[in-house]
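Note on naming: letters A, B, ... go to the chains in the order of the sequence lines (proteins, then strands), and numbering restarts at 1 for each one.
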Number of protein chains: 2
Amino acid sequence: MKTITVLLADDHLVVRSGLKALLGTQPGIEVVAEAASGEEALALVEQHGPAVVMMDLAMGAGMDGIEAIRQLRQRNSGQAILVFTTYDSDADIVRAVDAGAMGYLLKDASPEEIFAAVRGAVHGKSVMSAPVASRLFQQLRNPDAILTPREAELLSLLTEGLSNRELGQRLFISEATVKTHLAHIYAKLGVESRSAAIATAIRREGMR
Amino acid sequence: MKTITVLLADDHLVVRSGLKALLGTQPGIEVVAEAASGEEALALVEQHGPAVVMMDLAMGAGMDGIEAIRQLRQRNSGQAILVFTTYDSDADIVRAVDAGAMGYLLKDASPEEIFAAVRGAVHGKSVMSAPVASRLFQQLRNPDAILTPREAELLSLLTEGLSNRELGQRLFISEATVKTHLAHIYAKLGVESRSAAIATAIRREGMR
DNA sequence: AGCAGCATCAGCCAAAAGGCTGAGGTCGGC
DNA sequence: GCCGACCTCAGCCTTTTGGCTGATGCTGCT
């Protein structure tokens, strides 16, 4: 069996260190590089061409994990990308899968889950933590409430306290379009105001 | 020099694993136990009597880190307690120090910071990450930014997504008064909109 | 008594947000 | 080729928020 090469991307040193220690106990899996930011991850993937990339979504300043995933996919160099993050936000899950993630693990996953995910990923199998899977399942049952990728992106920025104008500038769309998306988001979340949307997004979606 | 015994309390396996790997490289420091919850931490401290406890604040269900720190202090078995967490929430810092924490490290701290904190802790030195220290400093310099009880109450309700009218009804005051309080809150938080206030309240003050 | 901080309210105006209708463009599936 | 989902935008109107100024009453401290 060929050794599976892995690249870790996480801004927390302890997390990289822990993941490396865990994966190091497994024969057939080898961590070949570590990145502390999205930019670094892109560069190191280029350099090492790992089979699997484990990526955090929130990585301090600069490029976030979603964007890094998207860019990796565009270059199409064949890595399987696993999201490895703390929160199981609906919106993040949608966006990550949309961007091209193969799996979605939470940081409190057991070693077995992690190993299985890495091994599965190289064979094209997508693995996700139980809470993540149950969220997706929940969503499939009432499809009307599923946010589109764009809406999820907006909601995510919304929880940072941006105004419509700022949202538009950030996403390169007009304020009118922002308002349209917001109206859809409110309807799907079952709220009638921006504030309530932020509140439920954070509580129900685990965003922050 | 005596070996420093350390107990790790964090609900994320990768974090414990990473911390253990990092500390393991240091002569004179030994991780003697790991706990995944506050309750477990209390039991294991009893059993192992470590010199230093490194404690996460958010530990899933059950007892949180603050409460665990408080109980450890009450038993007064002489451990130095270091907080090791992801967020530098003002409220958390104050509460942790109040509960009896010796230091406050963020998870993106460098290995050197971590080692120094552990070594310093046993000698009664309190070490905190730079962002944490600067936050405390900020607060001390700027007492004007402390919310009054009424303002804090409003802010708390604000994070539930209520409108001005609803806030007024809930607190039995007029909408005009609500607006006055909000204006003061915005000024103190350094924001210009309700959304941004909610966002910073949740992120910075740890409300949810 | 006087003063400072807090909580309460009013009125006025400008800016932002929200509700509504309609509409053009792309893309993938049937 | 048609249809549906999605993303994009415009205009119009109402409601909500926010900025400002000023005012009253209470309380605790000096």
Rounded to the Å, how far apart are [X] [atom1] and [N] [atom2]?
X: B/Leu167; N: D/dT17; atom1: CG; atom2: P; result: 8 Å
X: B/Arg194; N: D/dT16; atom1: CZ; atom2: P; result: 11 Å
X: B/Leu154; N: D/dG18; atom1: CG; atom2: P; result: 12 Å
X: A/Asn164; N: D/dT16; atom1: CG; atom2: P; result: 17 Å
X: B/Tyr186; N: C/dA15; atom1: OH; atom2: P; result: 18 Å
X: A/Glu192; N: D/dT16; atom1: CD; atom2: C1'; result: 13 Å
X: A/Lys188; N: C/dG18; atom1: NZ; atom2: C1'; result: 18 Å
X: B/Leu182; N: C/dA16; atom1: CG; atom2: P; result: 17 Å

Point to revise | B/Thr200 side chain to B/Ala196 backbone, donor-acceptor under 3.5 Å | key: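 Pair found, side chain donor or acceptor close to backbone of B/Ala196.
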
**Study point:** No-hydrogen, no-angle side-chain donor-acceptor test under 3.5 Å, B/Thr180 and B/Thr177
**Key:** no

Can you figure out which of [options] approaches the side chain of [X] most closely?
X: A/Ser174; options: C/dG18, D/dT17, D/dC9; value: D/dC9
X: A/Ser193; options: C/dG18, D/dC9, C/dT8; value: C/dG18
X: A/Lys179; options: C/dA17, C/dA10, D/dG19; value: C/dA17

Study note, to complete from the structure: By nearest-heavy-atom nucleotide on DNA chain D, the more 5' of B/Arg165 and A/Pro149 is A/Pro149

Show the distances under 3.5 angstrom between N or O atoms of the protein and N or O atoms of nucleotides 22-30 of chain D.
none

Practice item. Select base, sugar-phosphate, or nothing to describe what A/Thr177 touches, counting heavy atoms under 4.0 Å on all strands. Key: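 The residue A/Thr177 makes base contact.
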
Check your understanding: Are A/Thr148 and D/dC7 close enough that a side-chain N or O sits under 4.0 Å from OP1 or OP2?
Key ->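 So the side chain of A/Thr148 is within the cut-off, an N or O lying under 4.0 Å from OP1 or OP2 of D/dC7.
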
Review point. So, is B/Arg150 near the phosphate of C/dG5, with a side-chain N or O under 4.0 Å from OP1 or OP2?
Key: no

Check your understanding: Is any side-chain heavy atom of B/Ser110 less than 4.5 Å from a side-chain heavy atom of A/Leu13?
Key ->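 Sidechains of A/Leu13 and B/Ser110: no contact.
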
Review point. Taking it one step at a time, do B/Leu157 and B/Glu166 satisfy side chain to side chain contact (heavy atoms under 4.5 Å, CB included)?
Key: CA-CA 10 Å; B/Leu157 288 177; B/Glu166 291 170 319; over 6 Å; no

Review point. Is A/Glu151 paired with A/Lys188 through a side-chain N to carboxylate O contact shorter than 4.0 Å?
Key: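 Salt bridge: yes.
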
**Study point:** All pairs passing salt bridge (Lys or Arg N to Asp or Glu O under 4.0 Å) where residues 102-111 of chain B contributes a residue, at least two apart
**Key:** B/Asp10-B/Lys107, B/Asp56-B/Lys107

